[in-house]
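First the structure, in the form of structure tokens, and then the observations on it.
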There are 2 protein chains.
Amino acid sequence: MSLPRNTKAKQAVLDEINRSTYALSQPELFERVKGTCDRVTVYRILDRLVAENKIHRIVNVDGTLNYAACNQCDTHNTHAHDHLHFSCLECKKIECLSEQSVHVQLPSHYQIKELFLTISGICPTCQGG
Amino acid sequence: MSLPRNTKAKQAVLDEINRSTYALSQPELFERVKGTCDRVTVYRILDRLVAENKIHRIVNVDGTLNYAACNQCDTHNTHAHDHLHFSCLECKKIECLSEQSVHVQLPSHYQIKELFLTISGICPTCQGG
DNA sequence: TAATTAATGCAACCTAGTTGCGTTTTGCAA
DNA sequence: TTGCAAAACGCAACTAGGTTGCATTAATTA
Ligand SMILES: [Mn+2]
Ligand SMILES: [Mn+2]
Ligand SMILES: [Zn+2]
Ligand SMILES: [Zn+2]
């Protein structure tokens, strides 16, 4: 693989992701870094950041792709994203739930690669009291 | 809600879904029922079948929407889709894993509505021996 | 500072899904 | 059996998210 370079746009996108408490979509990110680069560039930056294990891609329950910081990953080498995600039906935000243990009765004859676990419902903020 | 009607197209789509061993996308379904109706009609039929609890919608790990028969649902009234799904990285097919128990340490302060659980990996067929 | 090539901008394209509206069918009732 | 209301449909136009090709710009490293 070719060695990655650091650019203003790449840093701007990564900053926005790190700053956010929930996962952001490409349209949301493009809106936030508007002026620094083209929308196509945001797509390419996101692909690279995922490949570099700096962020991870979360599929929401409606199929939209979102990107979040790797908070629960101490090192970016080993990357087991078997943590839970929570998707709020009210504010539509999806976030990582760190350290939530999940026990899955693994199916036999299937070769497991990764787990995708998302709970939908209402987040604490939207319950408002 | 208005009372649903039965049409040739609706029956054709439902038959394809029931016949399949894995979940099908709208493009796949349109291909299979080609000639019986317009592609827009397939979208509308799928929405209705989901609303009528005849099928359920599965979001694959890449964000694509797929539709599968409600095999594990004895009655179509109560509809708790907390079963596992398996998504094959090789053949790209996604299927329901019936009766696989999942134990999730529920997060406090969050109001749970539904569980979305998908395992990615290699299916028995694609392991080929 | 110059060379290498990763990263970008831009235009064009693609796929999945939606919307509006006039027409056709379905199911039910007279 | 026929008539009617509205569910379902076809078609065209549109939208959103994402991709691709290619010429140009800019980050690294020597
Ligand atoms: Mn991570
Ligand atoms: Mn079901
Ligand atoms: Zn919320
Ligand atoms: Zn497979």
Side-chain angles (χ1 to χ4, degrees), chain A residues 1-17 20 22-68 87 92-94 118, chain B residues 1-17 20 22-68 87 92-94 118:
Chain A
M1 57 191 89
S2 54
L3 54 159
R5 294 177 184 180
N6 293 319
T7 63
K8 267 171 289 166
K10 186 182 178 186
Q11 196 54 55
V13 169
L14 187 55
D15 284 349
E16 288 298 336
I17 293 173
S20 180
Y22 57 94
L24 298 168
S25 64
Q26 185 277 344
E28 286 172 308
L29 281 164
F30 177 57
E31 188 59 39
R32 295 182 186 209
V33 302
K34 198 161 255 176
T36 63
C37 68
D38 189 75
R39 66 185 200 90
V40 179
T41 302
V42 175
Y43 281 112
R44 297 200 261 230
I45 286 172
L46 289 171
D47 287 344
R48 268 179 282 144
L49 288 174
V50 168
E52 295 168 21
N53 284 332
K54 297 242 176 65
I55 61 174
H56 67 134
R57 174 185 278 125
I58 308 170
V59 185
N60 208 335
V61 297
D62 59 357
T64 56
L65 298 178
N66 295 270
Y67 300 86
S87 174
K92 307 296 176 190
K93 290 174 184 171
I94 188 166
T118 303
Chain B
M1 58 191 90
S2 54
L3 54 159
R5 293 177 185 178
N6 293 318
T7 63
K8 267 169 292 167
K10 186 182 178 185
Q11 197 54 56
V13 170
L14 187 54
D15 284 349
E16 289 298 335
I17 293 173
S20 181
Y22 57 94
L24 298 167
S25 64
Q26 186 278 343
E28 285 173 309
L29 282 164
F30 176 57
E31 188 61 39
R32 295 182 187 208
V33 302
K34 197 161 255 176
T36 63
C37 69
D38 189 76
R39 65 183 201 90
V40 178
T41 302
V42 176
Y43 281 111
R44 298 201 260 229
I45 287 172
L46 289 171
D47 287 345
R48 268 179 283 144
L49 288 173
V50 167
E52 294 168 22
N53 285 333
K54 297 241 176 65
I55 61 175
H56 66 133
R57 175 185 277 123
I58 308 170
V59 184
N60 208 336
V61 297
D62 59 357
T64 57
L65 298 178
N66 294 271
Y67 301 87
S87 174
K92 306 296 175 192
K93 291 175 182 169
I94 188 165
T118 302

Length of the line joining [X]:[atom1] and [N]:[atom2], which is rounded to integer Å:
X: B/Asn66; N: C/dG17; atom1: CG; atom2: C1'; answer: 14 Å
X: A/Leu3; N: C/dT4; atom1: CG; atom2: C1'; answer: 11 Å
X: A/Lys8; N: C/dA7; atom1: NZ; atom2: C1'; answer: 12 Å
X: B/Leu46; N: D/dC9; atom1: CG; atom2: C1'; answer: 15 Å
X: B/Ile45; N: C/dT26; atom1: CD1; atom2: C1'; answer: 14 Å
X: A/Arg48; N: D/dA27; atom1: CZ; atom2: C1'; answer: 12 Å
X: B/Gln11; N: D/dA8; atom1: CD; atom2: C1'; answer: 15 Å
X: A/Asp62; N: D/dG17; atom1: CG; atom2: P; answer: 11 Å

Any side-chain heavy-atom pair from [X] and [Y] closer than 4.5 angstrom?
X: A/Glu28; Y: A/Ser20; value: no
X: A/Val61; Y: A/Ser87; value: yes
X: A/Asn66; Y: A/Leu24; value: no
X: A/Val59; Y: A/Leu65; value: yes

Ignoring hydrogens, what is the shortest heavy-atom contact between A/Ile58 and A/Ala68? Give both atom names and the distance. CD1-CB, 3.8 Å
Looking at every non-hydrogen atom in both residues, tell me the closest pair between B/Val13 and B/Leu29 and how far apart they are. O-CD2, 4.2 Å
Give each protein N/O atom lying under 3.5 Å from an N/O atom of nucleotides 19-26 of chain D, with the pair distance.
unit_1	atom_1	unit_2	atom_2	d
D/dG21	O6	A/Arg44	NH1	3.4

Nucleic acid contacts - residues 24-35 of chain A versus DNA chain C, non-hydrogen atoms under 4.0 Å: none
May I have the list of side-chain donor-acceptor pairs in residues 36-49 of chain A shorter than 3.5 Å, sequence neighbours left out?
unit_1	atom_1	unit_2	atom_2	d
A/Thr36	OG1	A/Val33	O	2.6
A/Asp38	OD2	A/Val40	N	3.0
A/Tyr43	OH	A/Gln26	OE1	3.2
A/Asp47	OD1	A/Arg57	NH2	3.2

Return whichever of B/Lys10 or A/Thr64 has its heavy-atom-nearest nucleotide of DNA chain D closer to the 5' end. B/Lys10
Nearest-0.5 Å distance, CG of residue B/Asn60 to NZ of residue B/Lys92: 8.5 Å
